[in-house]
Amino acid sequence: MEEDTGALPRKENFSEWYNEILWRAEIMDVRYPVKGLYVWYPHGFGIRKRAYGILRDLMDRDHAETMFPLLIPKTEFMKEAEHIKGFEDEVYWVTHGGRNELDVPLALRPTSETAIYPMYALWIRSHTDLPLKLYQIVNTFRYETKHTRPLIRLREITSFKEAHTVHATREEAAAQVETALGLYREFYDSLRVPVIISRRPEWDKFPGADYTIAVDTIMPDGKTLQIGTVHMLGDHFSRTYAITYEDANGEQQYAYQTCYGISERSIAATIGIHGDDKGLVLPPEVAPVEIVIVPIIVGKRRDEVLAAATALETELRNAGFAVKLDARDMRPGAKYYHWEMRGIPLRIEIGPRDIDANTVVAVTRTGKKTTLDRRGVVEGITSVLAGFGEDLSQAGKQAMADRITAASTLEETAEAVKSGVAVVHWCGSQECAEKIEAAVDASIIGSDIRSDLIAVSDGPCVACGGEGTSALVARTY
């Protein structure tokens with residue numbers, strides 16, 4: 001791809017900045033000739049690979065990875081009426097095989113409950129088969145009619161991690177919901193992305209679920225982005241798909257289930273929260289290249305500098321770092337621009353003066369410069385990268401805190417949602433939610449809030465004055 005050296009739009013113009021950085025930093029190419037489908041550039045896919053490697057490691061603690069088919073027979077898909085009602089406007093249907101019309105149309109999975117649960121009914125026979133905890137990372141298809149946006153609102157979700165668990169009791173399933181939320185917190189801690197966890201309103205839960213707990217973050221434009229959901233399914237689907245087990249007394253019982261998912265919105269959050277006016281800023285944990293070495297070539301010592309840079313690259317690679325030596329015949333400034341745009345966490349500069357002093361210069365993506373002793377360079381770089389990651393975590397939390405405002409009136413709520421999230425008291429009724437949403441042009445997105453940044457309390461409902469508790473109001477993606 002030809003290097004573009006023009007200035008990015010300022011991040012304060014977030015939508016324009018986001019659209020530009022996707023191609024400038026080689027994340028995704030939006031030019032694929034089907035609306036809502038996009039192509040990963042290798043650099044973007046490298047970020048995805050690192051992030052989903054973290055996610056796989058977390059899931060593999062007590063889940064097994066699997067793979068179910070993309071195509072779902074209409075006969076299975078239509079069994080669960082409430083679930084189907086939630087997706088009926090989004091389903092792509094395959095109606096022909098070659099020139100022949102199919103006897104049974106096939107749905108491209110919008111989500112996989114109706115593909116997985118008929119098989120669970122075959123696999124589960126006894127209480128000794130439980131709990132069953134499986135996950136897959138697959139593409140899903142939804143005929144999205146709203147404005148599509150790469151990584152955020154797609155017609156092909158290319159990186160959908162969905163877990164589906166089965167348990168003997170409701171209590172065990174509810175405990176699994178909490179376990180899943182803990183895994184998601186760990187995942188986003190690794191991405192240095194701050195989150196707010198809350199329970200979705202009854203009318204906004206996953207179709208067919210008893211309740212839905214959502215994980216949200218706040219993007220730089222003040223809108224919330226849902227970046228994870230955990231659903232308590234109860235025995236709703238097990239009754240539809242006859243997922244039963246024989247208990248210890250020989251009695252047949254319906255199982256209890258959960259499901260939970262994360263998509264490439266996790267990458268959108270990482271891009272949006274950490275990036276700056278120069279381009280991407282990547283946490284070390286997800287950067288395809290953690291360290292770039294830029295040799296500073298001066299006069300007759302070219303070969304000496306390149307040899308020193310190559311030796312450093314080998315040492316750092318042997319120490320486990322993802323490192324790249326940029327020996328291209330370009331000015332150092334052009335190389336700096338290239339790697340800053342792509343968010344590489346650390347740049348190491350080495351030139352004749354550094355060789356003479358037995359040092360290297362380490363510059364983080366955010367501009368913090370440190371001179372390191374060449375003899376302890378691995379330890380020095382490890383420390384610098386750890387500090388850089390912690391700085392990103394703290395900056396992300398502070399930015400989120402700055403976008404959260406407590407509001408006690410509809411007027412205050414309307415003002416707060418212009419730049420972030422309002423925390424109001426709400427009685428829990430849909431009638432009052434609709435009144436709030438109409439007045440402030442934003443949505444009630446959750447209650448039962450879990451966040452270190454929000455003090456939860458009881459108080460008069462901002463709409464009716466009745467007894468209420470803390471709830472989130474925001475504009476959403």
Side-chain angles (χ1 to χ4, degrees), residues 59 62-97 100-143 156-157 160-170 172-174 176-177 180 205-212 229-247 251-263:
M59 297 303 297
D62 68 346
H63 298 68
E65 188 171 4
T66 183
M67 180 74 75
F68 281 80
L70 168 66
L71 298 173
I72 305 171
K74 186 176 183 180
T75 49
E76 296 296 337
F77 194 80
M78 301 304 288
K79 280 184 179 178
E80 214 305 298
E82 184 179 349
H83 183 68
I84 295 316
K85 188 175 181 180
F87 287 100
E88 61 186 351
D89 293 332
E90 300 182 3
V91 177
Y92 284 93
W93 290 102
V94 177
T95 59
H96 286 72
N100 299 319
E101 185 171 355
L102 300 177
D103 293 335
V104 178
L106 303 171
L108 295 183
R109 61 176 165 233
T111 180
S112 296
E113 285 73 19
T114 55
I116 293 174
Y117 298 166
M119 301 306 299
Y120 278 8
L122 299 175
W123 293 351
I124 295 170
R125 286 288 175 263
S126 165
H127 64 94
T128 59
D129 297 324
L130 301 175
L132 179 63
K133 302 179 185 181
L134 304 182
Y135 78 97
Q136 60 179 7
I137 299 175
V138 294
N139 56 351
T140 61
F141 294 84
R142 298 179 185 178
Y143 184 65
E156 181 187 12
I157 302 167
F160 188 49
K161 189 287 302 174
E162 53 179 326
H164 297 267
T165 72
V166 189
H167 306 269
T169 67
R170 183 178 296 274
E172 289 174 12
Q176 186 63 35
V177 167
K205 67 183 181 181
F206 182 72
D210 284 2
Y211 60 85
T212 290
T229 48
V230 182
H231 312 294
M232 170 61 166
L233 301 180
D235 62 357
H236 192 96
F237 284 91
S238 67
R239 289 182 179 274
T240 299
Y241 289 95
I243 303 173
T244 62
Y245 67 94
E246 185 179 279
D247 67 17
E251 299 290 330
Q252 288 294 314
Q253 305 289 348
Y254 284 106
Y256 292 85
Q257 296 175 256
T258 76
C259 63
Y260 33 101
I262 278 178
S263 75

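Since the structure is predicted, the reported quantities are computational estimates derived from the model, not experimental observations.
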Hey, are the side chains of [X] and [Y] touching, using non-hydrogen atoms and a 4.5 Å cut-off?
X: Trp123; Y: Leu134; answer: yes
X: Leu130; Y: Glu172; answer: no
X: Gln257; Y: His231; answer: no
X: Ile137; Y: Met59; answer: no
X: Val166; Y: Tyr245; answer: no
X: Leu106; Y: Phe77; answer: no
X: Leu71; Y: Leu108; answer: yes
X: Thr169; Y: Gln253; answer: no

Can you confirm whether the side chains of Glu162 and Ser112 place a donor and an acceptor under 3.5 Å from each other?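 Distance-only check passes for Glu162 and Ser112.
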Tyr143 and Glu90 side chains, donor-acceptor separation under 3.5 Å: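 No, because no side-chain N or O of Glu90 sits under 3.5 Å from a partner of the opposite role on Tyr143.
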Reported [atom1]-to-[atom2] distance for the pair [X] and [Y], which is rounded to 0.5 angstrom:
X: Met119; Y: Ile124; atom1: CE; atom2: CD1; value: 11.5 Å
X: Leu233; Y: Phe206; atom1: CG; atom2: CZ; value: 7.0 Å
X: Arg142; Y: Ile157; atom1: CZ; atom2: CD1; value: 4.5 Å
X: Thr111; Y: Phe160; atom1: OG1; atom2: CZ; value: 4.5 Å
X: Ile72; Y: Met78; atom1: CD1; atom2: CE; value: 12.0 Å
X: Thr240; Y: Glu76; atom1: OG1; atom2: CD; value: 11.0 Å

Using the rule side-chain hydrogen bond (donor to acceptor under 3.5 Å, both in side chains), only one of Tyr117, Tyr120, Tyr135 pairs with His164; which is it?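 Between His164 and the candidates, side-chain hydrogen bond (donor to acceptor under 3.5 Å, both in side chains) is satisfied uniquely by Tyr117.
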Which heavy atom of [X] sits nearest to which heavy atom of [Y], and what is that distance?
X: Ala121; Y: Ala242; result: CB-O, 3.6 Å
X: Asp210; Y: Gly234; result: OD2-CA, 3.5 Å
X: Pro110; Y: Thr140; result: O-CB, 3.7 Å
X: Asp247; Y: His127; result: C-CD2, 3.5 Å
X: Ala168; Y: Tyr256; result: O-CD1, 3.7 Å

Please identify each residue that fulfils side-chain contact (heavy atoms from CB on, under 4.5 Å) with Tyr254, with sequence neighbours left out.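 Partners of Tyr254 by the side-chain contact (heavy atoms from CB on, under 4.5 Å) criterion, ordered by chain and then number, come out as Asp235, Ser238, Arg239, Thr244.
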Does Gln136 reach the main-chain N or O of Phe68 with its side chain, forming a donor-acceptor pair under 3.5 Å?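 Yes; judged by distance alone, with no hydrogens or angles, the pair exists.
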Where at least one partner belongs to residues 100-120, residue pairs that pass salt bridge (charged side-chain N to carboxylate O under 4.0 Å, His left out), sequence neighbours excluded: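 The answer is none; no pair qualifies.
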Is there any salt bridge (charged side-chain N to carboxylate O under 4.0 Å, His left out) pair reaching into residues 120-138, and which pairs are they, with sequence neighbours excluded?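 For residues 120-138, and leaving out neighbouring residues, the salt bridge (charged side-chain N to carboxylate O under 4.0 Å, His left out) pairs sorted by first residue read Asp62-Lys133.
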Aromatic rings Tyr241 and Phe237: how do their planes relate, parallel, tilted or perpendicular, breaks at 30° and 60°?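 Judged by the thresholds at 30° and 60°, the geometry between Tyr241 and Phe237 is parallel.
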